[in-house]
Amino acid sequence: MTFILDGVTTPEERLLSGLNPQQREAVLYRGEALLIVAGAGSGKTSVLTRRIAGLLQAREAWPSQILAITFTNKAANEMRERVEAIVGREAADGMWISTFHSACVRILRREAETIGYTKTFTIYDSADSRALIKRILKETDADTMGFTPGSVAARISKLKNELADVDSFARQANFNDPKEALFVEIFRRYSSELERAKAFDFDDLIAQTVYLFRAFPKVAALYQRRFRHVLVDEYQDTNHAQYSLIRELTRPVEAHVAAELEAEQGYSSSQRAADGAIPAASLTVVGDSDQSIYAFRGADIRNIVEFERDFPGAKVILLEQNYRSTQNILDAANAVISNNFDRKDKKLFTTVGGGDKIVGYTGYSGHDEAQFVADEITALHDRGVDYRDIAVFYRTNSQTRALEEIFIRSAIPYRVLGGTKFYERAEIKDAMAYLITVANPDDPMALRRIMNVPKRGIGPATEAALQLHADTRGITLREAMREADQLGLGPKVTGALRELATLLDEEMERAPRTPVPDTLKALLERSGYLEALRNSRDPQDEARAENVEELVAVTREFQRSTPDGTLLDFLTEVSLVAAADELDDSSGTVSLMTLHTAKGLEFDAVFITGVEEDLLPHRMSASEPGGPSEERRLFYVGITRARKKLYLSLAMTRAQFGDVTVAMPSRYLQEIPAELIEWKQSPGMANSRGGSQPRALNARRERGFNLRDSLPPAPSKPRVKTEWTNQVTGKMRDNGDLTLAAGDRIRHTDFGEGRVTSVSGQGAKSIAEVQFDQVGRKRLLIKIAPIEKL
DNA sequence: GATGTGGGACTTTTT
DNA sequence: GTCCCACATC
């Protein structure tokens, strides 16, 4: 009923409603540069969206003049929706709101030819980069000299983030050092392989865009003229390349360049000032140095610290009021972060009351800890908290294993964000490789992957022959394949190569007028890939075939939401999904993710697990400069995600590597005032409580101590190995049609005996609520729980 | 060239 | 505990 509201409020009043004075100032400030220092939960997204909406509403900018950079695609979509909600859909049409990487892809696809690339380039994700590096290491025998794909990939990435390329690096490299000389060689090969494959890696997307802008001022001017308002979220996590990109975009266009451009395009721009130049775009950055957690991938905290020096006359606005968390949670966060000495002191405050105490728990093992988390989640759910409002954080992806296992047993619906996931499965990579060879015939990595998948009798020898032919003739691997009959190979192999080449060529020719799901289906069917999976004797292949079907469904969904989307668009989208993009608010599941992925999100109830030395802070961070401080910020980020309930847990022993190691409570725990935490089981209690485990541990609590060596083999609980696996990987314990009813007595391998109090749900999803004699009430998925009826 | 097996390395975080 | 690779055998 806007017309009624119009009578009492102006658009500006509505734009500012509910904002505090600092937020209002941040929305309304007009000037060349604005830094919003936004503490956790201080409403920065709201400020940013209203700032954009304000510009549009006041007709100070067209939508097409706005470029907003967010950290994830999900954040971009949300921001777009929120702006649209204020100004209307049409009035917001044409804005660029995206991640750094997506924006750069967009620019590079338009301008690729300027820098000698095709606009149909594909993107190598980290796994692709590593695979390529691995190959190069083998070719150069560098793998025997202590080079690992991981270390080389990290080093190259770091260099690219500093905008160094092979040549600039080689110029200052010390060739007397054989390792360094070899690294230059590896770097050089890596770069030329990418170029030959017509592909960019993640870091190239940014670096090449910067290079494009610097080398071609006229191209840069197109964007400098277009984007009058540049806004960057999570500025504390920008690296040098991203910083440079922002600098290039917000540079004024010199008069003669502007004039040249206009002459070429035959129209005159309203942007030109009296002297003929186009003034710099206005820049708004939002960030919080306390939440800088990406130094390991080149994020430079100086970008935000030195903003005022970089942009003289910049306005700085501080947002310190927190609207998210209770006082207890904030007190804990403030206490922890204040131990970082190298920071500007700032304290979040809230007008919300104290809230519940933080709950602490020390488990005997990672499984025990996971059981605590599961039990608490069940209790929260019983009290009416929706699963979607609950999240579990951890430092390393490997910690999900125990959590998933217990969650499935406890019938808690969950979803793991990021980590080893769908697109990293071999069969999905195979299917994707087929698509890539169709979208980008020059990519030899994708072609090599599928050349003998399904088995065609094309082995390493054939591949080498093809490669040799390609190298001597100066053609691509794919072209060499078309000339297979010239190679003097056996008739079977030649036929197989010919057939594959024809298949790929035909699908490539058809692809532009064919929906993506159809292209994928044709490739999978015609290649015999699906058939091979279906006819396989390996029971896992059935699940693999289902996964591939799932990929077809993904392409269908892509085509539905993007009717004009090309195969290349699909591949690009898949390459650039961030872990947090997978968060689905509608799914009604608990979210599991790393602390890094958690940045920018918030939940009613948050569990931070594994709050132990060597895990948080991570062992690897100790040797890095600034490592422990960054780990502390990571913990701080985790704490500040919680709105109402925060749980901190750790384990005294943790399975790692098949070994069990003893863990110590994290130093950060001691930084939280004791009165804020209510321990359900404190480290001391877990330590001194009777029973075989604690005592044995007490005697030998030292780092790295290997339990397996000296612990007596009989723990109190009988160790029954339960047959159990993840849904996705296939096999699962199955109780068949076991049916339970209230009143039944059952035995559970871990929980002992108990009585069923109620049963809910249907079929495979039936859940029994059981009152166990020893361990209390639990919810179990009947089909898979390790139980038997008595 | 395909298939099976034993030994070794490996896990920090991500676009 | 798991993934990957080298090596052996068919």
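Letters A, B, ... are given to chains in the order of the sequence lines, protein chains preceding strands, and every chain is numbered from 1. Values reported hereafter were calculated over all heavy atoms of this structure, with side chains retained and with hydrogens, waters and symmetry mates removed.
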Produce the list of close N/O pairs, under 3.5 Å, pairing protein atoms with atoms of nucleotides 3-10 of chain C; give distances to one decimal.
unit_1 : atom_1 : unit_2 : atom_2 : d
C:dC5  : OP1    : A:K134 : NZ     : 2.6

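- If you measure from atom CZ of A:R619 to atom P of B:dT13, you get 14 Å, rounded to the nearest angstrom.
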Residues 146-156 of chain A side chain polar contacts: donor-acceptor under 3.5 Å, at least two apart:
unit_1 : atom_1 : unit_2 : atom_2 : d
A:T148 : OG1    : A:S151 : N      : 3.1
A:T148 : OG1    : A:S151 : OG     : 3.0
A:S151 : OG     : A:T148 : N      : 3.2
A:S151 : OG     : A:T148 : O      : 3.0

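- Between A:D201 atom CG and B:dT15 atom C1' the separation is 11 Å, expressed in whole Å.
- Residues of residues 288-298 of chain A that place a heavy atom closer than 4.0 Å to DNA chain B, in numerical order, are A:Y294, A:F296, A:R297.
- The side chain to side chain contact (heavy atoms under 4.5 Å, CB included) check on A:T209 picks up A:C104, A:I107, A:L108, A:F213, A:L245, with sequence neighbours excluded.
- Between A:T594 and the phosphate of B:dT12, there is no side-chain N or O to OP1/OP2 separation shorter than 4.0 Å.
- For A:D581 and B:dT14, the CG to P distance is 13 Å, given to the nearest whole Å.
- Comparing A:A578 and A:H618 by the nucleotide of DNA chain B whose heavy atom lies nearest to each, the residue mapping closer to the 5' end is A:H618.
- By the salt bridge (Lys or Arg N to Asp or Glu O under 4.0 Å) test, A:R106 pairs with no residue at all, sequence neighbours left out.
- Applying the side-chain hydrogen bond (donor to acceptor under 3.5 Å, both in side chains) test to A:S649 and every residue at least two apart in sequence or in another chain returns A:E369.
- Qualifying side-chain hydrogen bond (donor to acceptor under 3.5 Å, both in side chains) partners for A:R448, counting only residues two or more places apart in sequence or in other chains: A:E463, A:Q467.
- Every residue was checked against the side-chain hydrogen bond (donor to acceptor under 3.5 Å, both in side chains) condition with A:Y117, not counting sequence neighbours, and none meets it.
- Of the candidates B:dT13, B:dT15, C:dT2, B:dT15 carries the atom nearest the A:H101 side chain, counting heavy atoms from C-beta on.
- Contacts classified as salt bridge (charged side-chain N to carboxylate O under 4.0 Å, His left out) and involving residues 67-79 of chain A (residues at least two apart or in different chains) are given here: A:K74-A:E78.
- Remark: the separation of the C1' atoms in C:dC4 and B:dT13 is 23 Å, to the nearest Å.
- What separates CD1 of A:I608 from P of B:dT13 is a distance of 17 Å, to the nearest Å.
- Residue contacts shown for A:S398 include a base, since a base heavy atom lies under 4.0 Å away.
- With A:F393 as the aromatic partner, A:R641 does not meet the cation-pi criteria of under 6.0 angstrom to the ring centre and within 45 degrees of the ring axis.
- Look at A:N397 and you'll find a side-chain N or O under 4.0 angstrom from OP1 or OP2 of B:dT14.
- A:R302 is linked by a salt bridge (Lys or Arg N to Asp or Glu O under 4.0 Å) to A:D300, counting only residues two or more places apart in sequence or in another chain.
- Computed from coordinates, the A:R401 CZ to B:dT11 P distance equals 13 Å when rounded to whole Å.
- Under the rule for a side chain to side chain contact (heavy atoms under 4.5 Å, CB included), the partners of A:N340 that lie at least two apart in sequence or sit in another chain are A:I337, A:D342, A:R343, A:S629, A:R632, A:R633.
- Using a 30° and 60° split on the angle between ring planes, A:Y294 and A:H596 fall in the tilted class, from 30° to 60°.
- Residue A:S126 places a side-chain atom within donor-acceptor reach of the base of B:dT15, judged by atom type and a 3.5 Å distance cut-off alone.
- A salt bridge does not link A:R534 to A:D541: none of the charged nitrogens lies less than 4.0 Å from a carboxylate oxygen.
- With rounding to whole Å, A:F393 atom CZ is found 16 Å from B:dT14 atom C1'.
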Going 5' to 3' through nucleotides 1-8 of chain B, assign each nucleotide B (protein heavy atom under 4.0 Å from a base atom), S (under 4.0 Å only from sugar-phosphate atoms) or - (no protein heavy atom that close). SSS-----

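- The CD-C1' distance, from A:E612 to B:dT11, rounds to 15 Å in whole Å.
- Contact annotation for A:T597: backbone-only contact, meaning every heavy-atom pair under 4.0 Å involves sugar-phosphate atoms and none involves a base.
- One interatomic measurement links the two molecules: CD of A:E630 to C1' of B:dT13, which rounds to 8 Å at whole-angstrom precision.
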